[in-house]
Amino acid sequence: MAEEVLLLGAWASPFTSRVELALKLKGVQYKYSDEDLNNKSPSLLQYNPIYKKVPVLVHNGKPIVESQVILEYIDETWQGYPLLPKDLYERAIARFWVKFIDDKCWPALQKVFIGEEKGREKAVEEAYEVLKFLEKELKEKRFFGGESIGMVDIAANIIGYWLGACEEATGVELLTREKFPKLSNWIDEFVSNSVIKENLPPRDKLVPFLRHRFGL
Amino acid sequence: MANEVVLLDTWVSSFGMRVRIALAEKGIKYEYKEEDLRNKSDLLLKMNPVHKKIPVLIHNGKPVCESLIIVQYIDEVWNDSSPLLPADPYQRAQARFWADFIDAKVQSVTRRVWTTKGEEQEAAKKEYFETFKILEGELGDKPYFGGETFGFVDIALVTLYSWFYVYESFGNFSMEAEFPKIMTWVKRCMQKESVAKTLPDQKKVYGLVVDLRKKLGLD
């Protein structure tokens, strides 16, 4: 049977982008369908009845939802480029940082850029506390995954690309090279990687979109 | 090399219980260290500097944190018996989805059921009921969430059973009346030694919560 891979996503969503990066790194052919999140398609509602969100990966008709679940599925289903380390302990550590990014970083960044101005200083301090852990985890590595991009780097795309776009959209400076030299270097590596840079939403489209989204 | 396994935990934690069930399923010998969360040990702070939380599994001196990540680690390292996750990648994805759902939707609402009053509690109860309804739907007529065998999703959820009496008492409802299928599943899980020996008595948990509520100024 011919393999059929479909991705339901939203072009501006970092979670959708994670799945695209993973598929591209694995060299998987797929069809992309962009969703209007204000007018969700019947397919989306059928494939993800519980959360009604993107991304949804549909592999031979069977849906998988939640970006971190999808990334693990992609790594287990398609050989070639490994997203997770082979070493089982390192694998648990990678999963820990992916969860940290989703549970702690994402809400902290949202508070900074979407939150009210009067709470901003506190939100920035809290975001610094969170980012410090990632700065420390990088150590002397080029990527979180070591010499090459891994699952943590993919999950950290919100820092690698979306954070900069949010800074540009709002005028709020968060991640400076002075405060976060390692993360800044990592961001440079991330956006200049050949696979990644071809698969990010264009900055000149994303920034106005975010501005509009934040009500600015 | 000797396999040295240490678990930092608290007896009442439904997250820690998941790890204890997984270790029991695999027949792994380990040293259990009870933490006082009001006075965290140096070891805990060293082994989980990011969250400073239990459970933490320390395997040959190296820490693994986050209960579901620990359970997956245990399954992958001790892979010669009692698989906790299915072999098929699609079924593994389903198992991971439902375990994540349990953390994102169930664990997040249960605390509100016994710590709030009035309108806030009614809202929490409504959310709790909706979530368990979805879980009952997913369980269907299967003996376990994973199908024929006890696995990852069962481990993720069954540990809450020791807290049901707390939710029922303070939320004023009956799990048996509202979710009979869930209770049938619970009783089936409790027939497993790994579950029965791990889960503390419901009345004991209730006793702790009564004290905790006084300290929180709720009673």
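Note that the coordinates shown come from a computational prediction; the quantities given were computed from them, not determined experimentally. Just so it is clear: chains get the letters A, B, ... in the order the sequence lines come, proteins before strands, and each one is counted from 1.
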Discussion item. For Tyr73(A) and Phe97(B), I'd like to know if the aromatic rings sit close, meaning centre-to-centre distance below 6.0 Å.
Written reply: no
Check whether any side-chain heavy atom of [X] lies under 4.5 Å from a side-chain heavy atom of [Y], and answer yes or no.
| X | Y | result |
| --- | --- | --- |
| His51(B) | Lys104(A) | yes |
| Val50(B) | Trp97(A) | yes |
| Phe96(A) | Val64(B) | no |

So for [X], is it side chain, backbone, both, or neither that comes closer than 4.5 Å to the heavy atoms of chain A?
| X | answer |
| --- | --- |
| Glu66(B) | side chain |
| Pro63(B) | both |
| Arg92(B) | side chain |
| His59(B) | neither |

Discussion item. Whether Arg96(B) and Glu76(A) form a salt bridge (side-chain N of Lys/Arg under 4.0 Å from carboxylate O of Asp/Glu) is what I want to check.
Written reply: yes
Worksheet entry | NZ/NE/NH1/NH2 to OD/OE distance under 4.0 Å, Arg95(A) and Glu76(B) |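 Yes, charged N to carboxylate O under 4.0 Å.
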[X] versus chain B, the contacting section by heavy-atom distance below 4.5 Å:
| X | result |
| --- | --- |
| Val65(A) | both |
| Ile70(A) | neither |
| Lys62(A) | both |
| Lys136(A) | neither |
| Tyr89(A) | both |
| Glu66(A) | side chain |
| Glu129(A) | neither |

Discussion item. Counting heavy-atom pairs under 4.5 Å with chain A, which one of Asp100(B), Leu68(B), Ile69(B) comes out on top?
Written reply: Ile69(B)
For atom [atom1] of [X], decide whether the heavy atoms of other residues, nucleotides or ligands shown that lie under 6.0 angstrom number more than 12.
| X | atom1 | answer |
| --- | --- | --- |
| Glu176(B) | CD | yes |
| Lys40(B) | NZ | yes |
| Lys141(A) | NZ | yes |
| Glu4(A) | CD | no |
| Gln46(A) | CD | yes |
| Lys118(A) | NZ | no |
| Asp42(B) | CG | no |
| Lys182(A) | NZ | yes |

Worksheet item: Is the side chain of Tyr90(B) donor-acceptor paired with the backbone N or O of His59(A) at a distance under 3.5 Å, no angle test?
Response: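 Pair absent, no side-chain N/O of Tyr90(B) close to backbone of His59(A).
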Worksheet entry | Distance, nearest 0.5 Å, that separates CD1 of Ile64(A) from CD of Gln94(B) | 7.5 Å
Response to the item:
CG (Asn79(B)) and CG (Leu88(A)) are apart, to the nearest 0.5 Å, by 8.0 Å
Discussion item. Quick check: closest heavy atoms across Tyr51(A) and Ala104(B), and the distance to 0.1 Å?
Written reply: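 Looks like OH-CB, 4.4 Å.
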Fill in: Distance-minimising heavy-atom pair for Ala93(B) and Val69(A)
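Result for this residue pair: O-CG1, 3.3 Å.
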